[in-house]
Amino acid sequence: VLEPDLPAFLSSVEGVVGATHVLTDPEVRAGHETDWTRRFVGRTPAVLRPGSVGEVQALVLLARRHQVSLVPQGGNTGLVGGATPLGGEVVLDLRRLDDLGPVDGPAGQVTVGAGVTLTALQDHAASAGLSFAVDLGARDTATVGGLVATNAGGLHVVRFGSMRAQVLGVEAVLGTGEVVRSNLTGLVKDNTGYDLPGLLCGSEGTLGVITSARVRLVPGVGPLLGALVGFASVTAAVEALPVLRSAPGLRALELMRAVDLRLVAGHLGIEPPLTPLPPAVVLLELEGPNDLVGALGAVLEALGPAVVASAVADGDRLAGLWRWREALPEVAAALGIVHKADVSLPVGALAAFEAAVETTIRAHSPSSTTLVYGHLGDGNLHVNVVGPGAADDGPVDAVLELVLELGGSVSAEHGVGRAKVAWAARQRGEVATTMLRAIKQALDPDGILNPGVVVG
Ligand code: FAD
Ligand code: MLT
Ligand code: ZN
């Protein structure tokens, strides 16, 4: 059995990436050692910034030879501690892998480097008259590698699905040090065995370091129309789902609560978006080319008295509606260290969950503040608890217990990371967990990639 030899590893890495890409300054390292929620704080001896797949491969081979563990990191916007070096690992910052390949118009696809930000990918697609289907609040910082590795969801899953539905091909350096290139030509139909790009989606840096991805693009965004639709309760909003989901051109279906919107209003120093503010507010976004005003009118008419208030907007005013939704995570973070439970529920259990969740949290942490919002169209709620200390898992554990009782998932879109390893194992059961471990063992036999993440 080889012993880890960090000094030998560190003395070799300059020869691979060059001295300027070996970062050891404590202030620089600090930005890579703490996550966005400030709940996970680790330590790393160095941050390495490879600039090509060849350099990534050389680093992984060196890490294997010297038995040194690596934490792949993109924009560090993940919310489950998966990119934090909690065990003193070396951080691999992949943001220099920022190649934007030419858009393949006839195929409606593009190959991009893992370090490309979501905004850069969206702009690149738009310059060819197309668009990238996934969008989320951390778009300016989150990278393609991170989005693939977490199988990110976001605001348009109700229309286009999550990352796994966009990724056709992947290039990655496995924990063995081998480079796998799977379907980088972007074949839409390729039935030659296990789906490797699909496997790397959601692998959270535990099987391979993703260096580039071939993704599908969708038609350029048409005219948009949005609305805030107010309901007397979350139960009423959930009951309206069949009608809301049938809206032609539906692109987003988000849930916010009055109690949380008041916090946003206070934070931004602006008046609430509806007066009086209904207990539950759904943000609905429709995309053309059909008659959007007529379509929205028909939805509101079909909902009848269930709708207690509404505000319709397009153009800049639509961006104003989105500001309410996108400010929610920022407001939670501004209140303190956020404990996040990103969960999904069967539609039939959504309202019962929302009704019970605050009481469940208060039983563990009476003075905490809870914010609940999420992607209603996907049955995905984000429960944010602020108040408990960083190491106090009690309130979120109680929330996840409730989720399992109601038949939901303990991770809807953020992944498992280090935060939910035991919960995910409990949810998927022993046989499935053994299968995941076998895959990990095959692709990363020495366990050097993101130890402790996903399967523990
Ligand atoms: P990081 O945080 O750097 O890493 C995340 C995980 O991926 C880690 O396990 C890391 O090891 C691994 N990883 C990163 N790059 C690579 C690579 N090249 N190869 C292998 N593994 C890698 N998520 C959603 O799903 N939906 C949302 O709506 C959403 N909204 C958000 C809003 C805000 C304000 C914030 C802060 C976060 C949000 N997120 C959301 C979470 C986050 O943005 C996503 O998980 C995103 O995919 C992370 O990308 P990243 O580049 O920052 O990855
Ligand atoms: C969101 O939908 O806003 C994100 O997933 C981030 C969060 O959960 O706060
Ligand atoms: Zn989300």
Side-chain angles (χ1 to χ4, degrees), residues 32 35-38 40 50 53 56 60 70-86 89 91-98 113-118 134-157 162-164 170-175 200-213 252 254-256 260 283 322 325-333 338-344 371-376 378 380-384 411-419 444 449-454:
H32 299 265
D35 80 319
W36 192 85
T37 66
R38 288 170 289 138
F40 300 97
V53 59
V56 174
V60 173
L70 304 172
V71 170
Q73 199 178 84
N76 198 16
T77 66
L79 300 170
V80 286
T84 314
L86 288 182
E89 298 87 352
V91 170
L92 272 196
D93 176 346
L94 283 319
R95 287 176 300 174
R96 286 181 65 220
L97 303 177
D98 59 356
V116 167
T117 64
L118 177 54
V134 169
D135 191 24
L136 45 82
R139 57 183 76 78
D140 291 343
T141 317
T143 62
V144 167
L147 295 162
V148 175
T150 58
N151 183 28
L155 308 168
H156 301 149
V157 173
S162 56
M163 268 311 277
R164 195 174 275 125
V170 161
E171 178 188 72
V173 179
L174 303 177
L200 285 161
C201 285
S203 61
E204 300 186 51
T206 62
L207 303 179
V209 180
I210 293 153
T211 47
S212 62
E254 298 287 313
L255 176 72
M256 303 174 280
D260 306 316
L283 171 47
W322 273 108
R325 169 64 181 85
E326 295 204 341
L328 283 159
E330 293 166 25
V331 170
V338 191
H339 295 252
K340 290 199 173 265
D342 153 47
V343 303
S344 67
L371 291 86
V372 182
Y373 49 87
H375 314 289
L376 183 64
D378 317 324
N380 176 190
L381 293 180
H382 295 308
V383 181
N384 293 251
S411 176
E413 59 171 11
H414 294 168
V416 175
R418 289 178 172 80
D444 180 20
L449 293 184
N450 243 356
V453 169
V454 179

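Read the numbers this way: they start at 1 and go in the same order the structure lists the ligands and their atoms.
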His382 side chain near Leu79 side chain, heavy-atom distance below 4.5 Å | no
Which residue and heavy atom of the protein sit nearest atom 35 (C) of ligand 1, plus the separation | Ala138 CB, 3.6 Å
In this structure, atom 43 (O) of ligand 1 is nearest to the protein heavy atom Thr77 OG1, 2.8 Å
To the nearest 10 degrees, how large is the angle at the Zn ion (ligand 3) between His382 NE2 and His375 NE2?
-> 100°
Considering all heavy atoms, the nearest Ala213-Val148 contact = CB-CG2, 4.2 Å
Nearest 0.5 Å please: distance from the CG atom of Leu381 over to the NE2 atom of His375.
-> 9.5 Å
Is there a nitrogen or oxygen of Thr143 sitting under 3.5 Å from a nitrogen or oxygen of ligand 1?
-> yes
What do we get for Asn450 next to ligand 1 when only non-hydrogen atoms under 4.0 Å count, side chain, backbone, both or neither?
-> side chain
Is any side-chain heavy atom of His156 closer than 4.5 Å to a side-chain heavy atom of Val134?
-> no
Do any nitrogen or oxygen atoms of Glu413 lie less than 3.5 angstrom from nitrogen or oxygen atoms of ligand 1?
-> yes
Could you give the distance from CG (Leu155) to CG (Asp135), rounded to the nearest 0.5 Å?
-> 5.5 Å
To the nearest 0.1 Å, how far is atom 53 (O) of ligand 1 from its closest protein heavy atom, and which atom is that?
-> Gly146 CA, 3.5 Å
Only one of Leu255, Asn384, Leu371 passes side chain to side chain contact (heavy atoms under 4.5 Å, CB included) with Asp260; say which it is.
-> Leu371
Backbone, side chain, both or neither: what part of Glu330 comes under 4.0 angstrom of ligand 1, heavy atoms only?
-> neither
Within reach of ligand 1, part of His375 (heavy-atom separation under 4.0 Å) = side chain
Gap separating the CG atom of Leu136 from the CE atom of Met163, nearest 0.5 angstrom = 9.5 Å
Any N or O of Ile210 closer than 3.5 Å to N or O of ligand 1 | yes
Under 4.0 Å from one or more heavy atoms of Ala114, ligand 1 contributes atoms 18 (N)
Backbone or side-chain N or O of Ala152 under 3.5 Å from ligand 1 N or O = no
What protein heavy atom sits nearest atom 1 (P) of ligand 1, and how far away is it?
-> Asn76 N, 3.6 Å
Min N/O separation Gly153 to ligand 1 under 3.5 Å = yes
Could you check if a side-chain atom of Pro451 sits within less than 4.5 angstrom of a side-chain atom of Glu89, using non-hydrogen atoms only?
-> yes
Ligand 1 atoms nearer than 4.0 angstrom to some heavy atom of Val209 are 19 (N), 20 (C)
For atom 34 (C) of ligand 1, what's the nearest protein heavy atom and its distance?
-> Trp36 CZ2, 4.0 Å
Atoms in ligand 1 with a heavy atom of Leu136 nearer than 4.0 Å = 23 (N), 24 (C), 26 (N), 27 (C), 28 (O), 29 (C), 30 (N), 40 (C), 43 (O)
Considering the options Leu207, Asp444, Val173, which one meets the side chain to side chain contact (heavy atoms under 4.5 Å, CB included) requirement together with Leu449?
-> Asp444
Taking both backbone and side-chain atoms into account, decide whether Glu413 has an N/O/S atom under 2.8 Å from the Zn ion (ligand 3).
-> yes
When distances are taken from atom 2 (O) of ligand 1, the protein heavy atom at minimum range is Gly78 N, 2.7 Å
When rounded to the nearest 0.5 Å, the distance separating CZ of Arg139 from OG1 of Thr77 is 11.5 Å
Check whether any side-chain heavy atom of Asn380 sits under 4.5 Å from a side-chain heavy atom of Asp342, and report yes or no.
-> yes
Output for ligand 2, non-hydrogen cut-off under 4.0 Å, lists Leu79, Arg325, Pro329, Lys340, Tyr373, His375, His382, Glu413, His414
Check ligand 1 against Glu204 and write out every atom of the ligand that is under 4.0 Å from a heavy-atom position of the residue.
-> 9 (O), 11 (O)
Could you say whether the N/O atoms of Val71 and ligand 1 ever approach to under 3.5 Å?
-> no
Using heavy atoms and a threshold below 4.0 Å, how should the contact between Leu94 and ligand 1 be classified: side chain, backbone, both, or neither?
-> side chain
Shortest protein heavy-atom distance from atom 47 (O) of ligand 1, along with the residue and atom involved = Thr150 OG1, 2.9 Å
State whether Arg95 and Asp93 are salt-bridged, where the test is any N-O pair (Lys NZ or Arg NE/NH1/NH2 against Asp/Glu carboxylate O) under 4.0 Å.
-> yes
Out of Gly74, Ala149, Gly75, Gly208, the nearest non-hydrogen contact to atom 22 (C) of ligand 1 is supplied by Ala149
Output the distance between atom CG (Asn151) and atom CD (Glu413), rounded to the nearest 0.5 Å.
-> 9.5 Å
Option of least heavy-atom distance to atom 11 (O) of ligand 1 (set: Pro329, Gly205, Pro72) | Pro72
Mind checking whether Val80 and Lys340 have side chains closer than 4.5 Å, heavy atoms only?
-> no
Does any N, O or S atom of His414, backbone or side chain, fall under 2.8 Å from the Zn ion (ligand 3)?
-> no
Minimal heavy-atom distance between Tyr373 and Pro329, with the atoms involved, is OH-CA, 3.4 Å
What distance separates Ser203 OG from Asn450 CG, expressed to the nearest 0.5 Å?
-> 9.5 Å
Tell me: protein heavy atom nearest atom 39 (N) of ligand 1, and distance?
-> Leu79 CD1, 4.0 Å
For Thr141, is at least one N or O under 3.5 Å away from an N or O on ligand 1?
-> no
Closest approach of Ala152 and Ser162, non-hydrogen atoms and distance?
-> O-CB, 3.3 Å
Which atoms form the tightest heavy-atom contact between Asp140 and Thr117, and what is the distance?
-> O-CG2, 3.6 Å
Side chain proximity check, Leu94 to Pro72, heavy atoms < 4.5 angstrom = yes
Nearest heavy-atom contact between Pro50 and Leu97 is O-CD2, 4.1 Å
